[in-house]
Amino acid sequence: GCTVKYSGYLGNWNKLFCSNGNSKYPRLMKLGKDITLWGLEIGLLSMTKGEAALFVLTPEYAYGQRGCPPSIPPNTTVLFKVEVLDFIDSEECDTFFELTCEQRDRLPLEKVLKVAATEREFGNYFFYKQRFKIAKDRYKRALSILGRSSSSKTEQSQINTSKLLLFLNLSLTYLKLERADRALKYGELALEMDQGNAKALFRCGQACLYMREYSKSRDFLARAQCIQPFNRDINNELKKLA
């Protein structure tokens with residue numbers, strides 16, 4: 001999936017026929033699904049995040065013999081200005097979620113962790129676009145595939161590290177969704193894995209403050225402050241509580 005700024009032109013870069021340049025937050029698009037122009041797809045696959053490019057697409061790489069009436073005449077060469085804002089490779093995720101549960105269980109842990117990390121990346125992308133419900137769903141999707149337990153201590157430690165990050169992400173996302181009860185739940189799940197996690201203690205403190213459970217909030221925030229005494233966010237939250 002990628003987010004791109006694009007403008008399509010006819011002729012000598014003077015006749016604009018399509019653009020998303022006015023959109024503050026361009027949506028995440030999938031190559032082959034949302035972006036179906038063959039030349040554009042080939043071009044985008046050659047680009048990296050943050051790169052800008054100009055493409056000249058002959059008819060066989062663009063709209064072909066028929067064109068796309070009324071805006072694009074038959075056999076037309078088109079021009080595109082493109083900037084790649086973000087890029088997340090979702091191919092492995094798509095393949096993974098098409099597998100049966102049995103097939104998933106047989107996959108090496110390394111693959112499962114990679115899919116979970118990519119789903120978390122998608123969650124982060126939507127979180128920063130302030131689309132918190134979609135972010136929450138992507139984090140939960142990542143969590144759903146980390147349910148396997150391993151007899152190997154190293155493997156279990158890797159699974160727990162991934163889960164901890166997702167618990168923290170979900171706690172913050174539920175705070176943004178004003179669901180403090182759920183934020184507290186995920187903060188406490190994070191603390192079960194790492195009782196000295198200042199971020200988890202802070203999230204639990206924020207959630208309790210939101211629910212007006214003041215003494216519980218003070219307890220969480222004071223523990224967080226002991227671990228990170230100079231953390232401005234923790235200290236500000238304690239001032240707010242006072």
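Residues: numbered from 1 along the sequence shown. Worth saying up front: this structure is predicted, and the values here are computed from it rather than measured.
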For residues 92-104, tabulate all N or O donor-acceptor pairs below 3.5 Å that involve a side-chain atom, not counting sequence neighbours.
residue: Glu92; atom: OE1; partner: Lys114; partner atom: NZ; Å: 2.7
residue: Asp94; atom: OD1; partner: Lys30; partner atom: NZ; Å: 3.2
residue: Asp94; atom: OD2; partner: Lys30; partner atom: NZ; Å: 2.9
residue: Thr95; atom: OG1; partner: Glu91; partner atom: O; Å: 2.9
residue: Thr100; atom: OG1; partner: Gln103; partner atom: N; Å: 3.2
residue: Thr100; atom: OG1; partner: Gln103; partner atom: OE1; Å: 3.3
residue: Gln103; atom: OE1; partner: Thr100; partner atom: N; Å: 2.9
residue: Arg104; atom: NE; partner: Leu99; partner atom: O; Å: 3.4
residue: Arg104; atom: NH2; partner: Phe97; partner atom: O; Å: 3.3

Which atom pair, heavy atoms only, marks the closest approach of [X] to [Y]?
X	Y	answer
Pro229	Asn235	O-ND2, 3.2 Å
Phe55	Gly43	CZ-CA, 3.5 Å
Leu57	Leu40	CD1-N, 3.8 Å
Arg120	Ala142	N-CB, 4.3 Å
Pro73	Leu10	CD-CD1, 4.4 Å

With sequence neighbours excluded, give me every side-chain hydrogen bond (donor to acceptor under 3.5 Å, both in side chains) pair touching residues 62-82.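 For residues 62-82: none.
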Any chance you could lay out the side chain to side chain contact (heavy atoms under 4.5 Å, CB included) test for Lys240 and Asn236, step after step, and finish with the verdict? CA-CA 6 Å; Lys240 199 193 292 182; Asn236 284 344; over 6 Å; no
Does any non-hydrogen side-chain atom of [Y] lie less than 4.5 Å from one of [X]?
X	Y	value
Leu191	Phe167	no
Val4	Glu83	no
Gln225	Asn231	no
Asp233	Glu237	no

Atom pairs and distances, donor-acceptor, side-chain atoms in residues 124-135, under 3.5 Å, two or more places apart:
residue: Asn124; atom: OD1; partner: Tyr139; partner atom: OH; Å: 2.6
residue: Tyr125; atom: OH; partner: Pro26; partner atom: O; Å: 3.3

I'd like to know if Leu107 and Leu109 are part of one continuous hydrophobic network [Ile/Leu/Val/Met/Phe/Trp/Tyr, side-chain heavy atoms within less than 4.5 Å].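 In one cluster: yes.
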Donor-acceptor pairs are to be reported for all side-chain atoms of residues 204-223 against protein atoms at under 3.5 Å, with residues two or more places apart or in another chain.
residue: Gln206; atom: OE1; partner: Arg203; partner atom: NH1; Å: 3.3
residue: Ser217; atom: OG; partner: Gly205; partner atom: O; Å: 2.9

State which residues pass side-chain contact (heavy atoms from CB on, under 4.5 Å) with [X]; sequence neighbours excluded, sorted by chain then number.
X	value
Ser162	Leu113, Leu146
Asp105	none
Asn12	Asn14
Leu168	Leu164, Ala190, Asn197, Lys199, Ala200

Taking salt bridge (Lys or Arg N to Asp or Glu O under 4.0 Å) as the definition, give me every residue that meets it alongside Asp137, ordered by chain and number, with sequence neighbours left out.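 By the salt bridge (Lys or Arg N to Asp or Glu O under 4.0 Å) rule, Asp137 matches no residue at all.
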Side-chain polar contacts of residues 170-184 - donor-acceptor pairs under 3.5 angstrom, sequence neighbours left out - could you list them?
residue: Ser171; atom: OG; partner: Ala183; partner atom: O; Å: 2.8
residue: Thr173; atom: OG1; partner: Asn169; partner atom: O; Å: 2.7
residue: Tyr174; atom: OH; partner: Lys140; partner atom: NZ; Å: 2.8
residue: Arg179; atom: NE; partner: Asp181; partner atom: OD1; Å: 3.4
residue: Arg179; atom: NH2; partner: Asp181; partner atom: OD2; Å: 3.4

Looking only at atom types and distance, does a side-chain atom of Asp86 sit under 3.5 Å from a main-chain N or O of Lys49, one as donor and one as acceptor?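 Answer holds: no.
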Linking Ile, Leu, Val, Met, Phe, Trp and Tyr through side-chain heavy atoms less than 4.5 Å apart, which residues share a cluster with Leu85?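 Its cluster mates, by chain and number: none.
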Run the ring pair (Phe, Tyr, Trp, His ring centres under 6.0 Å) test against Tyr61 and tell me which residues pass, sequence neighbours left out.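 For Tyr61, the residues satisfying ring pair (Phe, Tyr, Trp, His ring centres under 6.0 Å) (neighbours in sequence not counted) are Trp38.
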